[in-house]
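What follows is one structure encoded as structure tokens, with my remarks underneath.
Hydrogens, waters and symmetry mates play no part in the numbers below; they use all other heavy atoms, side chains included. So you know, we letter chains A, B, ... as the sequences are listed, proteins then strands, and number each from 1.
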Number of protein chains: 2
Amino acid sequence: MTAARAKPYHHGDLKAALVDGALELIVERGVRRFSLAELSRRLGVTVAAPYRHFASRDELLAAVAVRALEAFGDALAAPSSELDPPEERLAAMAAAYVRFAAEQPELFAVVFGIGLDKKQRYPELRGTYEEVEGMLDACVAELCPDDADAAEQLGDAIGAAAHGYAALLTDQPGTPDPADVDRAAEQAASATRALIQGRGAL
Amino acid sequence: MTAARAKPYHHGDLKAALVDGALELIVERGVRRFSLAELSRRLGVTVAAPYRHFASRDELLAAVAVRALEAFGDALAAPSSELDPPEERLAAMAAAYVRFAAEQPELFAVVFGIGLDKKQRYPELRGTYEEVEGMLDACVAELCPDDADAAEQLGDAIGAAAHGYAALLTDQPGTPDPADVDRAAEQAASATRALIQGRGAL
DNA sequence: GTCTATATCCCGATAGAC
DNA sequence: GTCTATCGGGATATAGAC
């Protein structure tokens, strides 16, 4: 915002500007239509410039995915109160999972929709992903304090169900109908309760 | 297979050849790297030729997706026996759902991974999709013969959980570790049983 | 070291000739 | 129905200016 310098970038902040700009452009146009060329044009920079900071388009996307995952983690943490019992915190997290996917479909897609390697190739991304997983796990652990294996099974099941509702909702192009979002969020919360209740079968 | 004609295509079967060839190419290279240009080259045809049969790349992909969905439906139908109780048929379907995604990740991706509009734009795709959904619904209906709403909730939950396990497994690039596939398939089956058992909470 | 300029190669799509 | 030619766009590599 400060117009103190005529050339705000071009000396050391191009990397940050690329990540910021990519995030904006992706939210506007969608990941699939995001291009380094357009981003470079927007930043008033040559198409080759980004390659001084990121080895490939995917590496820039991985940096964006870290930001997206942080926002996702915040969205999961927000609705649950310390006062609630763990069952209801988990249900709220599942609903928030679906809502985030529906409200920020392009950010969700950067993380889960373009086959970015979260487990091997990009360590920072992996770390952030595991932090988010940890939020679920911590909550499940309170429910199964004496059985780590049962906790893992239940955590996986709740995560899978929430992810399934989110992915099926996001699967269709365009912004989903708000009524469908509400419905899917409530279904994810209910499925969480059902899994907890029926967890003897896991 | 019959070598009766020297030029099997090039006069009326290019359309079928395109779908067949696209399916092969996608399995080999992945949907994201699939290109009309390479397909045309393989079929010994100009890049413009496919446009006489499909208005766009996506329209060809939709035709491929119909085939992929048919294979998916077959995979879901195979493991369940008429003799099994509905609970176990549903568990088997959930496991088969995950196995199909893991064993044919590129076919799964054509249907669920590239944002192809299954509900509006491609009617044939929509119909095939609904047929597959119907397999699940029919099975769930046996469990809740008197309550259509409960059946829908349970069907959605089982579908979402299976889809979640499948999507999270397929999310990573490359072929998944067979041990992870077995594990996820069993987890999907267990989650199905848990949802049935805890369905009072839905 | 960071960016510009340029060039290569691939792709999707379209117009018009045969 | 297919081919030739062509447009616009994008990812990426390299060479060289600052």
Side-chain angles (χ1 to χ4, degrees), chain A residues 5-26 28-65 106 109-110 114-117 121-122 173, chain B residues 5-26 28-65 106 109-110 114-117 121-122 173:
Chain A
R5 284 176 319 210
K7 299 174 146 196
Y9 303 120
H10 293 257
H11 40 64
D13 266 7
L14 216 211
K15 184 162 188 174
L18 284 165
V19 180
D20 292 345
L23 202 57
E24 283 175 32
L25 201 46
I26 285 169
E28 281 176 40
R29 298 232 198 300
V31 217
R32 279 161 190 130
R33 271 168 305 199
F34 163 78
S35 83
L36 279 186
E38 185 177 2
L39 175 59
S40 303
R41 243 176 276 132
R42 245 188 218 212
L43 296 177
V45 142
T46 303
V47 290
Y51 289 88
R52 287 291 127 191
H53 303 278
F54 297 97
S56 68
R57 180 181 185 272
D58 271 9
E59 240 175 61
L60 171 54
L61 287 179
V64 173
E106 296 307 336
V110 176
I114 57 173
L116 218 53
D117 191 333
R121 207 174 178 85
Y122 307 106
Chain B
R5 284 177 319 209
K7 300 174 143 198
Y9 306 119
H10 291 258
H11 37 65
D13 268 6
L14 215 211
K15 184 163 188 173
L18 284 166
V19 180
D20 292 344
L23 202 56
E24 283 174 32
L25 201 47
I26 284 169
E28 281 177 38
R29 298 232 198 300
V31 217
R32 279 161 191 129
R33 271 168 305 201
F34 162 79
S35 82
L36 280 185
E38 186 177 0
L39 175 60
S40 303
R41 244 175 276 133
R42 244 188 220 211
L43 295 178
V45 144
T46 302
V47 290
Y51 289 89
R52 286 292 127 190
H53 302 279
F54 297 97
S56 68
R57 180 181 184 270
D58 271 10
E59 240 175 62
L60 172 54
L61 288 180
V64 174
E106 296 305 336
V110 176
I114 56 173
L116 218 54
D117 191 334
R121 206 174 178 86
Y122 307 107

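To the nearest 0.5 angstrom, B/Arg42 atom CZ is 4.0 Å from B/Glu28 atom CD. Rounded to the nearest 0.5 angstrom, A/Arg32 CZ and A/Glu106 CD are separated by 7.5 Å. To the nearest 0.5 Å, atoms CG (B/Asp20) and CG (B/Leu25) are separated by 12.5 Å. Between the CG atom in A/Leu39 and the CZ atom in A/Arg57 there is a gap of 10.5 Å [rounded to 0.5 Å]. Rounding to the nearest 0.5 Å places OH of B/Tyr51 at 12.5 Å from OG1 of B/Thr46. Expressed to the nearest 0.5 Å, how far OG of B/Ser40 lies from CD of B/Glu38 amounts to 10.0 Å.
Computed from coordinates, the A/Leu61 CG to D/dG10 C1' distance equals 14 Å when rounded to whole Å. The separation between B/Lys15 atom NZ and D/dG1 atom C1' is 14 Å, rounded to whole Å. A/Leu60 places its CG atom 10 Å from the P atom of D/dA11, with the value rounded to the nearest Å. The separation between A/Leu18 atom CG and C/dC3 atom P is 9 Å, rounded to whole Å. For the pair A/Leu14 CG and C/dG1 P, the interatomic distance rounds to 17 Å; values are reported in whole Å. One can place CG of A/Leu43 at 15 Å from C1' of C/dT2, the figure rounded to the nearest angstrom. In this entry the distance linking CG of B/Asp58 with C1' of C/dA13 reads 13 Å, nearest Å.
Only at 4.0 angstrom or more do the heavy atoms of residues 29-40 of chain A sit from any atom of DNA chain C, so none qualifies. Of all the residues in residues 47-55 of chain B, B/Val47, B/Ala48, B/Tyr51 reach under 4.0 Å from DNA chain C with at least one non-hydrogen atom.
Checking each of B/Ile114, B/Val110, B/Leu61 against B/Phe34 for a side chain to side chain contact (heavy atoms under 4.5 Å, CB included) leaves exactly one that passes, namely B/Leu61.
Nearest heavy-atom pair across A/Asp117 and A/Tyr122 is O-CD1, 3.3 Å.
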